[in-house]
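Both ligands and their constituent atoms are indexed starting at 1 by order of listing. When a residue number appears, it is its place in the shown sequence, counting from 1. Since we're looking at a predicted model, the values are computed, not measured.
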Amino acid sequence: MCNRFDRAYQRSIDDPQGFWGEAADAVHWYKKWEQVLDAADAPFYRWFSGGETNVCYNAVDLHVAHGRGAQAAIIYDSPVTHRQQILTYSDLKSHTARFAGALRNCGVEKGDRVIIYMPMVPQAIIAMLACARLGAIHSVVFGGFAPHELAVRMDDARPKVIVAASCGIEPGRVVAYKPLLDKAIELAAHRPHACLILQREPARAKMCAGRDIDWEAAVEAAAAVDCAPVAATDPLYILYTSGTTGAPKGVVRDTGGGMVALKWSMKNIYNMHAGEVFWAASDVGWVVGHSYIVYAPLLNGNTTVLFEGKPVGTPDPGAFWRVIAEHKVKALFTAPTAFRAIKKEDPQGEYLKKYDLSGLESLFLAGERTDPSTLNWATQKLRIPVIDHWWQTETGWPICANCLGLGALPIKQGSAAKPAPGWQLRAVDAAGKPVARGDIGALVAKLPLPPGTFPTLWEAKQRYFDGYLKNFPGYYESGDAGYIDEDGYVFVMSRTDDVINVAGHRLSTGAIEEVLASHPEVAECAVMGVADDLKGELPLGCLVLNTGVQRAEHEIVAEAVQLVRAEIGPVAAFKLAVVVKQLPKTRSGKILRGTMKKIADGVAWKMPATIDDPAILDEITAALQTLGYAKSR
Ligand code: COA
Ligand code: AMP
């Protein structure tokens, strides 16, 4: 029997233009599109060509115009500063219009880039929306990245202005962002015209005369600016993500497609209606934050919760339940690692009992595969649908999901459910031939991808083609492997490249290796993601030292750990490293990272036929055992 989901899905495949054209009617356009899908430059597709719109207008001003001005747009809940604040849609409009004026006073025009390096404060959202208001392109950089990573992004995006806060607050420590920003500017070749700095109390920043401008003073001096019509195909933002090399990839989200898909997804996937409260417990620096803390809930007229805290330790494992009860959250979206952290500290769910969670109707998990034990625990404790859904920075919204708004499908443990409307997914072998149902293959999606995905990488069309479209002509290569079962459910199992997933954060082992290799006493190294009960995976480095190095190995390991923290940032969570005499390689010289990972995880592995010297694996096993890994085969 055909249900609502099946009908919507089939229509999106049979008639994508009609399907997405209708979805686009739900947003405001200054000028209607000429074509829903523009295939003139296939395989580089565009959505809503010829249309003009403004995302900030749709996310903010439109709601005020439609009488939602007094409704809460943002609930800022910050246990780390003991503050709460509500911004209504009217407040958000006036703050955003004034901050857009401040940006314009710094010379920001349509198409200019603005880097935002901020913690989870309302001003981060205001800055993003203000860019959208002007048609400027924002690029938010997560606060846990070190100056070098920020500098790389600055050189790629070449921002006219950088918006930053003086500090972020992590449980137990204040992270002074401004010295990190100053260092990044020193490292980068590109120079911004100005830096707009939000001063926060725990660590006020020293300002650099002639370059840094105080946020408050800038807003004080600025006039409100109206929304500018922007081409649907113009970029809304660039968000850098880890790739297979050290150079991050600048994922571009376009204005029209991004807006249409996100608004559609709120109702049809997340089952959210205007006026209801949605909470994505992530960070504005990640794609989940862009899509589901900021744009989608606001486009849909929801109230979004901006939580500056952690699932545990701020102050206890009841923080999520408090926020849900206090702010009447209808749907929560977070990463499985957050639930594992709560479960570890409160396995019986005692803290849950203190709060009225009757308003919570669903829990969405993404960022990594939801392991069955986390799924079962969350389901038992919350007694609501727990939905694992799969997506990526590149796609901007779910590739696979149980679309609650279209009628819930039965939940299968370990599966991200079925491809969402617009997505035609296959599991294929190396030659691009579909594998049998239930067999693991590379997960690829038939082109064109639906709207709201990424039309290109920032100023790197060839890298976009080479990285995503070349290996399987006519398909998008997701970089994930998995299988599709008899019922069409998709199980995403692992990456096909060297990207690892640490606490729902995506990291490139190649990038960590580049940093380790820069240590003067490291001759070569290999980094792999080893299984971790809390964070899913943790990076572990095997270091081969230069011949003749006399210093104690533990000193070099400590320096290597510090180097990664300084160069990539604390977010890499790189704390495990060990010195080995040699790395296992194939006869052609390829490092056998996959085998090393299996050994570390204590799972079954086979001696690779192409290995150069099998004895090396015994030494690796012994070295990994000193770190508490490689316990059994
Ligand atoms: N600014 C500066 N430093 C930051 C930071 C930020 N915005 N965010 C994290 N860090 C630091 C942390 O303080 C930590 O530093 P430490 O090594 O000195 O302890 C390091 O980066 C690693 O952070 P994280 O991986 O978040 O680990 P954690 O131990 O602090 O917390 C969890 C573990 C599971 C509680 C945490 O990862 C979490 O809440 N995850 C929720 C899911 C999520 O946000 N997913 C994103 C995609 S949906
Ligand atoms: P990011 O781009 O940081 O959002 O990371 C995307 C990657 O996280 C994907 O390519 C997957 O490897 C992984 N991922 C995200 N969601 C899921 C999920 N529900 N199941 C399995 N893997 C996931």
Side-chain angles (χ1 to χ4, degrees), residues 80 117-120 124 141-146 165 167-177 180 239-243 249 251 280-293 307-314 317 319-320 333-345 364-371 387-396 398-401 414-417 443 454 477-482 490-497 499-508 529 532 534-538 561 564-565 568-575:
V80 294
Y117 186 55
M118 297 186 97
M120 290 284 285
V141 178
F142 178 63
F145 281 121
C167 65
I169 299 147
E170 284 292 290
R173 77 191 160 104
V174 172
V175 184
Y177 279 24
L180 304 177
L239 181 59
Y240 289 90
T241 190
S242 300
K249 302 189 275 199
V251 168
S282 178
D283 188 287
V284 287
W286 306 119
V287 65
V288 174
H290 280 60
S291 293
Y292 292 105
I293 295 174
F307 178 67
E308 190 181 23
K310 302 261 173 177
V312 292
T314 59
F320 273 28
F333 178 170
T334 190
T337 186
F339 265 70
R340 287 197 297 269
I342 296 170
K343 180 175 155 230
K344 194 170 162 214
E345 291 206 6
F364 289 86
L365 297 173
E368 56 177 312
R369 180 166 177 261
T370 302
D371 51 289
I387 311 290
D388 180 7
H389 60 331
W390 170 48
W391 55 302
Q392 311 179 308
T393 304
E394 287 86 344
T395 68
I399 306 166
C400 285
S415 170
L443 292 171
F454 68 140
E477 182 180 3
S478 70
D480 283 315
V490 179
F491 293 72
V492 184
M493 305 307 288
S494 60
R495 291 286 305 187
T496 56
D497 55 18
V499 166
I500 59 170
N501 204 307
V502 178
H505 308 144
R506 176 165 153 182
L507 296 170
S508 157
D532 181 71
L534 175 64
K535 298 196 176 186
E537 280 184 306
L538 280 178
V561 166
V564 173
R565 193 175 171 92
I568 295 180
V571 68
F574 183 75
K575 292 177 183 164

Backbone of V490 reached by a side-chain donor or acceptor of S415 within 3.5 Å: yes
Decide whether the shortest distance between a heavy atom of [X] and an atom of ligand 1 is less than 4.0 Å.
X	result
R173	yes
F333	no
V312	no
A573	no

Close residues, ligand 2: non-hydrogen atom nearer than 4.0 Å: V287, G367, E368, R369, D388, H389, W390, W391, Q392, T393, D480, V492, R495, N501, R506
Proximal atoms of ligand 1 relative to [X] (non-hydrogen, under 4.0 Å):
X	value
Y177	1 (N), 6 (C), 7 (N)
V288	48 (S)
P311	35 (C), 39 (O)
G504	47 (C)
G144	1 (N), 2 (C), 3 (N), 4 (C), 5 (C), 6 (C), 7 (N)
A335	42 (C), 45 (N)
W286	46 (C)
V571	21 (O)

Parallel, tilted or perpendicular, as decided by the 30° and 60° cut-offs, for the rings of F320 and F339: perpendicular
Parallel, tilted or perpendicular: rings of F145 and W286 (30°, 60°): perpendicular
Out of [options], whose heavy atom is nearest to [atom]?
atom	options	value
atom 19 (O) of ligand 1	K575, R506, E170, K310	K575
atom 37 (O) of ligand 1	P570, G285, A503, S282	A503
atom 24 (P) of ligand 1	E368, R340, E308, K535	K535

Presence of salt bridge, R495 and E537, under 4.0 angstrom: no
Residues E345, K310: salt bridge by 4.0 Å N-O rule: no
Part of R565 with heavy atoms under 4.0 Å of ligand 1, whether side chain, backbone, both or neither: side chain
Side chain, backbone, both or neither: W391 near ligand 1, heavy atoms under 4.0 Å: neither
The single option from L507, V564, L538 passing side chain to side chain contact (heavy atoms under 4.5 Å, CB included) against F574: V564
Matching residue for V251 among Q392, H290, E394 - test: side chain to side chain contact (heavy atoms under 4.5 Å, CB included): E394
Please write down residue, atom name and distance for the protein heavy atom closest to [atom].
atom	result
atom 40 (N) of ligand 1	T337 CG2, 3.9 Å
atom 8 (N) of ligand 1	F142 CZ, 3.3 Å
atom 41 (C) of ligand 1	A338 CB, 3.9 Å

pair V284-M118: side-chain heavy atoms closer than 4.5 Å: no
Side chain proximity check, F454 to T241, heavy atoms < 4.5 angstrom: no
Over all heavy atoms of both residues, which pair between [X] and [Y] is shortest? Give the atoms and the distance, please.
X	Y	answer
Y117	G143	OH-O, 3.8 Å
A573	V502	CB-CG1, 4.0 Å
Y292	G396	CE1-O, 4.2 Å
Y177	A165	CB-O, 3.2 Å

is_close_aromatic(W391, F364), centroid dist under 6.0 Å: no
CZ on F333 to OG on S282, rounded to 0.5 Å: 7.5 Å
Between CG on residue D480 and CG on residue N501, distance to nearest 0.5 Å: 9.0 Å
